[in-house]
*Asks:* 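Would you mind keeping the following structure in view while I ask a few things?
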Amino acid sequence: MKYEKQEVMQYVSEEDVKFIRLAFCDVFGKQKNISIMPGELERAFTYGISIDASAINGFGGDVRSDLFLHPDPDTLTVLPWRPEHGKVVRMFCTVTYPDGRIFENDPRSILREAVKKADEAGYTFYFGPETEFYLFRPDESGNPTKIPYDNAGYMDIAPDDKGENVRREICLTLEQMGIRPESSQHKAGPGQNEIAFRYSDALTAADNAMAFSTVVKVVAARNGLCADFSPKPLEGKPGNGMHINISVVGKDKSRPLPEMIAGILEKAAEMTVFFNPCEESYLRLGRDKAPKYITYSYENRSQLIRIPSACAACAACAGSERAELRSPDPSANPYIVFALLIYAGLYGIENKLPLPEAAELNLYTAAEKTLKQYKKLPQSLSEAAAIAQKSEFISRHLPETLVASYCKGL
């Protein structure tokens, strides 16, 4: 549901709301917030709420460190796990300088600008992430361990799948927040789970991805467990991916999916440091269905981009052409990832890039001679950072200081 400022003020007044969380994230996608009381809400909408940005990753140093949070009323949601009496609500915010200028490293504003550019070009992009996570048991002090909650396998059911009730609670909590999960299941790793979302516009999808990670961690903790979104929690077991389903629709009802895919393939290496931003990310790529090469194919899960098959007999699938990008992992910042995918897709569309030949083979079992014809994704964080630092595409679309935050010391 979309709200206006006055509707939020009225809701807070009438529904026993005692705390308003103003949420944002740092450049690496770690969510932050500050809580205000209802009496401060008018000031928040009118002037913004000041924060000390010096301690926020990628937000600046000790000099001129004041930034302001401006809540977006569209994003109002109740946090269902907080008390019913004395409710807590949350709104995502735009980050600005004291003079009102948008802070250039605000990830949400970066995505909003990409959406604006796409709209000006006549296109709307839609995203549906599928995010994996592990459930681990805590030690006697409540600290995370690497002991999986169960030893179930892919799509197993209870009683082997002990995460079934946890996923159910996560999905129901998300529904209470207005977020629509599409499916949930046990994945191949012990204690590994996945929940996928219905597709939505870019900004909503990124906001939902941020909310999702919070809900998973809260629900896991309420069940005496620890949720782990890291790319490779267990050696020798499948890593966690954040597969992203992408589609594009023109104002003229066109669906330039091939050109979009071609643009993403061409810029894939340059974007990788933002899709896979930690050393552990590169322990996942090239293993257990995570891609290693810059390729695409139909249905094939060994590729960087998979074009899923549509249900020919199902009217609901008509016009739902999409591509699934399989390289990103949950350590990525969804606002930055979606922004770059929009820009890469627009690059392919505007330049009418031809889609290369599909790699219709299993890249995990193909002969080395065959594999040599395909370009690899960066094999390490330092390699990915070096490519990004030299990229004109990246420098055109992301602030220099943000890029430096990802590539610092590499």
Side-chain angles (χ1 to χ4, degrees), residues 79-84 128-199 208-245 280-281 283-284 287-290 299 301-302 306 308-309 311 314 316 324 326 328-331 364:
L79 301 185
W81 57 89
R82 303 302 297 153
E84 178 65 24
E130 302 172 1
T131 306
E132 298 168 335
F133 59 94
Y134 274 80
L135 292 175
F136 291 124
R137 299 180 184 276
D139 63 19
E140 58 187 17
S141 300
N143 298 313
T145 70
K146 294 297 183 182
I147 303 172
Y149 184 42
D150 62 36
N151 288 300
Y154 188 71
M155 285 191 172
D156 279 351
I157 62 173
D160 295 327
D161 171 18
K162 295 181 180 178
E164 183 179 73
N165 286 335
V166 179
R167 294 196 306 275
R168 175 181 179 275
E169 187 176 341
I170 291 168
C171 289
L172 293 177
T173 302
L174 290 169
E175 283 193 326
Q176 288 179 275
M177 298 174 70
I179 300 171
R180 296 179 64 187
E182 189 173 61
S183 64
S184 66
Q185 66 187 73
H186 199 286
K187 296 295 286 186
Q192 189 183 31
N193 301 266
E194 177 187 81
I195 295 177
F197 298 96
R198 288 291 300 271
Y199 72 88
N208 289 350
M210 294 299 297
F212 170 76
S213 62
T214 299
V215 169
V216 170
K217 291 172 184 176
V218 167
V219 171
R222 285 172 57 170
N223 285 272
L225 300 168
C226 303
D228 191 323
F229 286 91
S230 61
K232 193 72 172 176
L234 296 176
E235 185 177 354
K237 301 296 181 183
N240 285 324
M242 182 175 69
H243 303 156
I244 301 172
N245 293 286
E280 192 179 316
S281 298
L283 299 177
R284 168 183 165 265
R287 300 170 178 85
D288 299 301
K289 296 185 181 179
E299 305 179 41
R301 283 175 166 79
S302 68
R306 179 179 76 96
S309 60
C311 307
C314 177
E324 180 191 48
R326 299 179 59 79
D329 64 60
S331 65
Y364 300 119

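Just so you know, these numbers come straight off a predicted model, no measurement behind them. Quick note: residue numbers are just sequence positions, from 1.
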*Asks:* Quick one: CG on Asn165 to CD1 on Ile170, what's the gap to the nearest 0.5 Å?
*Replies:* 11.0 Å
*Asks:* Find out whether Ser331 and Ser281 are in side-chain contact, i.e. whether some heavy atom of one side chain is under 4.5 Å from a heavy atom of the other.
*Replies:* yes
*Asks:* Please list, chain by chain and in numerical order, all residues satisfying ring pair (Phe, Tyr, Trp, His ring centres under 6.0 Å) with Tyr134, sequence neighbours excluded.
*Replies:* Phe136
*Asks:* Using side-chain heavy atoms (C-beta onward) and a distance below 4.5 Å, is Glu130 in contact with Glu182?
*Replies:* no
*Asks:* Enumerate the salt bridge (charged side-chain N to carboxylate O under 4.0 Å, His left out) contacts for residues 211-227, please, sequence neighbours excluded, ordered by first and then second residue.
*Replies:* Glu169-Arg222
*Asks:* I'd like to know whether Val215 forms a side-chain contact (heavy atoms from CB on, under 4.5 Å) with Trp81, so could you lay out the CA-CA distance, the side-chain angles of the two residues, the decisive distance to 0.1 Å, and finally the verdict.
*Replies:* CA-CA 9 Å; Val215 169; Trp81 57 89; 3.7 Å; yes
*Asks:* Considering residues, nucleotides and ligands other than Tyr199, do more than 12 of their heavy atoms fall under 6.0 Å from its OH?
*Replies:* no
*Asks:* Are the side chains of Leu79 and Met177 in touch, meaning some heavy atoms are under 4.5 Å apart?
*Replies:* yes
*Asks:* If you compare all heavy atoms of Pro238 against all heavy atoms of Ala188, which two are closest, and at what distance to 0.1 Å?
*Replies:* CG-CB, 3.9 Å
*Asks:* Nearest 0.5 Å, please: how far is NZ in Lys162 from CG in Asn151?
*Replies:* 7.5 Å
*Asks:* Got Lys237 and Pro190 here, is their nearest side-chain heavy-atom distance under 4.5 Å?
*Replies:* yes
*Asks:* If you take all heavy atoms of Thr145 and Asp139, which pair is closest and at what distance?
*Replies:* CG2-N, 3.4 Å
*Asks:* Test Tyr154 against Lys187 for side-chain contact (heavy atoms from CB on, under 4.5 Å), laying out the working first.
*Replies:* CA-CA 4 Å; Tyr154 188 71; Lys187 296 295 286 186; 3.7 Å; yes
*Asks:* Go through it in stages, so that I can follow the logic: the residues are Met242 and Asp329, the test is side-chain contact (heavy atoms from CB on, under 4.5 Å), and I'd like the CA-CA distance, side-chain angles, deciding distance and then a yes or no.
*Replies:* CA-CA 4 Å; Met242 182 175 69; Asp329 64 60; 5.5 Å; no
*Asks:* What closest approach, in Å, do Gly163 and Leu135 show between heavy atoms, and which atom pair accounts for it?
*Replies:* CA-CD1, 4.4 Å
*Asks:* Would you mind checking if Lys232 and Glu280 are paired as a salt bridge, meaning a charged N to carboxylate O distance below 4.0 Å?
*Replies:* no
*Asks:* Looking at CG of Leu174 and CZ of Arg180, how far apart are the two atoms once the value is rounded to the nearest 0.5 Å?
*Replies:* 13.0 Å
*Asks:* How many angstroms lie between atom NE2 of His243 and atom CD of Glu132, to the nearest 0.5 angstrom?
*Replies:* 5.0 Å
*Asks:* From Asn193 CG over to Asp150 CG, what is the distance, rounded to the nearest 0.5 angstrom?
*Replies:* 7.0 Å
*Asks:* Please give me the minimum heavy-atom distance between Arg167 and Ile195, naming the atom from each residue.
*Replies:* O-CD1, 4.3 Å
*Asks:* To the nearest 0.5 angstrom, please state how far the CD1 atom of Ile147 sits from the CG atom of Leu234.
*Replies:* 10.5 Å
*Asks:* Step by step, would you call Asn240 with Gln192 a side-chain contact (heavy atoms from CB on, under 4.5 Å)?
*Replies:* CA-CA 8 Å; Asn240 285 324; Gln192 189 183 31; 3.1 Å; yes
*Asks:* Report the residues that fulfil side-chain hydrogen bond (donor to acceptor under 3.5 Å, both in side chains) with Lys146, sequence neighbours left out, ordered by chain and then residue number.
*Replies:* Asp228
*Asks:* At their closest point, which heavy atom of Val219 faces which heavy atom of Thr173, and how far apart are they?
*Replies:* CG2-OG1, 4.1 Å
*Asks:* Between Phe229 and Phe133, what is the ring plane arrangement, given parallel below 30°, perpendicular above 60°, and tilted in between?
*Replies:* tilted
*Asks:* Give me the atom names and distance for the closest heavy-atom approach of Pro233 to Pro231.
*Replies:* CD-C, 3.7 Å
